[in-house]
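Presented below is the structure to which this report refers.
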Amino acid sequence: MTFLVYTPDAVYDDGGVLERAIGRDAIDLRVEKWRSQLELNADLLATADGLLVWQMVTLDEATIARLQRCKIIVRCGTGYNNIDVPAATARGIPVCNTPDYGTAEVADHTIAMLLALERGLIPFDYALRADPVKNFDHRIFLDGLRLANRFFGTVGLGPVGTATALRAKAFGMHVVTFDPYLPRGQELALGIERVESLDELLAKVDILSLHAPLNKQTANLINSASLAKMKPRATILNTARGGLIDWEALYDALKSGHIRSAGIDVLPTEPPDPVPKLLRAYADRESWLNGRLIVTPHAAWSSIESRDDARTISMKTIVVFLKQGQLRSCVNSSNLEVSAANRKHGLSERGSS
């Protein structure tokens with residue numbers, strides 16, 4: 001049997017060489033480069049046995065309703081907030097992610113942004129490219145602080161949070177974490193301090209690094225109220241999800257000087273449309289932001305190795321399920337049986353009480 005698999009938002013240009021090698025004769029792979037949500041292929045949505053999606057497409061309830069034969073959705077990455085998981089569950093579709101790739105890359109990227117901010121790499125680079133003789137002067141950037149003995153806090157201590165925390169420890173920083181889902185004692189094994197509330201973390205740390213998923217509980221977690229609770233002149237790093245931060249509030253906190261600097265890899269909407277006020281000031285190189293903000297295009301995960309890992313693991317996930325019925329890293333497995341029972345009795349998961 002041959003299964004039809006549709007990728008509507010491929011991030012590669014080779015048409016799926018790795019994926020085709022894994023799927024072989026069992027998979028009829030249809031790959032499209034991302035164009036827009038409105039240009040999703042209606043025929044492929046209706047006929048695909050499985051979807052292999054990256055971060056660009058939005059599988060909302062209306063789009064999932066168009067899936068006539070789909071047996072599985074696999075997200076080629078960790079976060080799955082672009083997929084309406086309850087809608088997929090209601091139709092009996094497993095949703096799987098790929099959490100075991102890019103961990104080292106994201107942790108490295110997080111610390112790299114911190115180092116760039118603290119060591120003035122961006123203002124030095126701008127100045128020396130403009131005039132390598134006149135601007136050969138360390139006084140171009142005098143705002144750097146020593147990393148050792150500062151308090152580095154993580155919101156979340158999953159795989160990436162843990163990898164980042166260990167790197168921060170290697171620089172001599174005191175690492176503190178807030179993670180209500182972290183098993184008791186795990187922080188002790190890592191030599192990390194644990195606090196019991198976000199407010200306690202915000203008040204304690206000099207550097208805040210976000211490693212939480214985006215959901216109803218965490219959306220705009222860092223807002224005007226939470227920013228006000230942070231130490232004056234603290235730094236924020238976000239390589240998790242853009243929606244964790246209220247960008248208007250971050251603009252105000254940076255503009256006032258309460259927040260010293262920020263390193264951001266993820267935006268609420270990618271690409272940004274409309275462009276947030278803070279990102280516009282960054283693009284215009286407004287002088288008050290000089291050396292205080294670094295933005296990268298959701299690239300923390302990316303390396304030659306991690307890109308291959310994400311493609312390979314996600315494709316193996318979809319092939320093993322379609323051929324053998326085995327699920328890997330399924331995020332809605334606990335709800336699928338309930339959904340099946342509801343459908344049997346003519347109930348909607350969203351409408352049942």
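Below, each value reflects all heavy atoms present in this structure, side chains not excepted, and no hydrogens, waters or symmetry copies.
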**Item:** Whether over 12 other heavy atoms sit under 6.0 Å from Asp137 CG
**Value:** yes
**Message:** Any non-hydrogen side-chain atom of Leu190 less than 4.5 Å from a side-chain atom of Lys169?
**Reply:** no
**Message:** Is the shortest side-chain heavy-atom distance between Glu305 and Tyr101 below 4.5 Å?
**Reply:** no
**Message:** For a salt bridge (charged side-chain N to carboxylate O under 4.0 Å, His left out) check, start with the C-alpha distance between Arg91 and Asp84, then their side-chain angles and the critical distance, and finish with the verdict.
**Reply:** CA-CA 11 Å; Arg91 296 177 66 86; Asp84 189 330; over 6 Å; no
**Asked** In terms of side-chain geometry, is the basic nitrogen of Glu196 or Arg184 positioned less than 4.0 Å from the acidic oxygen of its partner?
**Response** yes
**Message:** Membership question, hydrophobic clusters at under 4.5 Å side-chain separation (ILVMFWY): are Phe152 and Leu244 in the same one?
**Reply:** no
**Prompt:** Taking the side chain as C-beta and beyond, is there a heavy-atom pair between Leu52 and Glu19 under 4.5 Å?
**Reply:** yes
**Message:** Tell me if the CD1 atom of Ile304 is crowded by more than 12 foreign heavy atoms within 6.0 Å.
**Reply:** no
**Prompt:** Is it true that Arg260 and Glu118 have a side-chain N and a carboxylate O under 4.0 angstrom from each other?
**Reply:** yes
**Message:** Would a single hydrophobic cluster contain both Trp34 and Val266, if residues Ile, Leu, Val, Met, Phe, Trp and Tyr are joined by side-chain heavy-atom contacts under 4.5 Å?
**Reply:** no
**Request:** Could you tell me whether the side chain of Leu67 reaches within less than 4.5 Å of the side chain of Ile73, counting heavy atoms only?
**Result:** yes
**Item:** Lys/Arg N to Asp/Glu carboxylate O, Arg311 vs Asp14, below 4.0 Å
**Value:** yes
**Asked** Counting only heavy atoms not in Lys316, do more than 12 sit closer than 6.0 Å to its NZ atom?
**Response** no
**Prompt:** Applying the side-chain hydrogen bond (donor to acceptor under 3.5 Å, both in side chains) test to Ser302, which of His109, Arg307, Glu105 qualifies?
**Reply:** Arg307
**Prompt:** Should we count CZ of Arg69 as having more than 12 external heavy atoms under 6.0 Å?
**Reply:** yes
**Asked** Is there a side-chain contact between Met173 and Asn149, using heavy atoms and a 4.5 Å cut-off?
**Response** no
**Prompt:** Under a single-linkage definition using a 4.5 Å side-chain heavy-atom cutoff for Ile, Leu, Val, Met, Phe, Trp and Tyr, are Val275 and Trp288 assigned to the same hydrophobic cluster?
**Reply:** yes
**Stepwise side-chain hydrogen bond (donor to acceptor under 3.5 Å, both in side chains) check, Asn290 with Ser287** = CA-CA 5 Å; Asn290 187 31; Ser287 59; over 6 Å; no
**Message:** Does Phe171 have more than 12 heavy atoms from other residues, nucleotides or ligands lying within 6.0 Å of its CZ?
**Reply:** no
**Asked** Taking atom NZ of Lys323 as the centre, does the number of heavy atoms from other residues, nucleotides or ligands within less than 6.0 Å exceed 12?
**Response** no
**Prompt:** Do Arg194 and Asp179 sit within salt-bridge range, that is, some charged N less than 4.0 Å from a carboxylate O?
**Reply:** no
**Item:** Side chain to side chain, Tyr6 and Val53, heavy atoms closer than 4.5 Å
**Value:** no
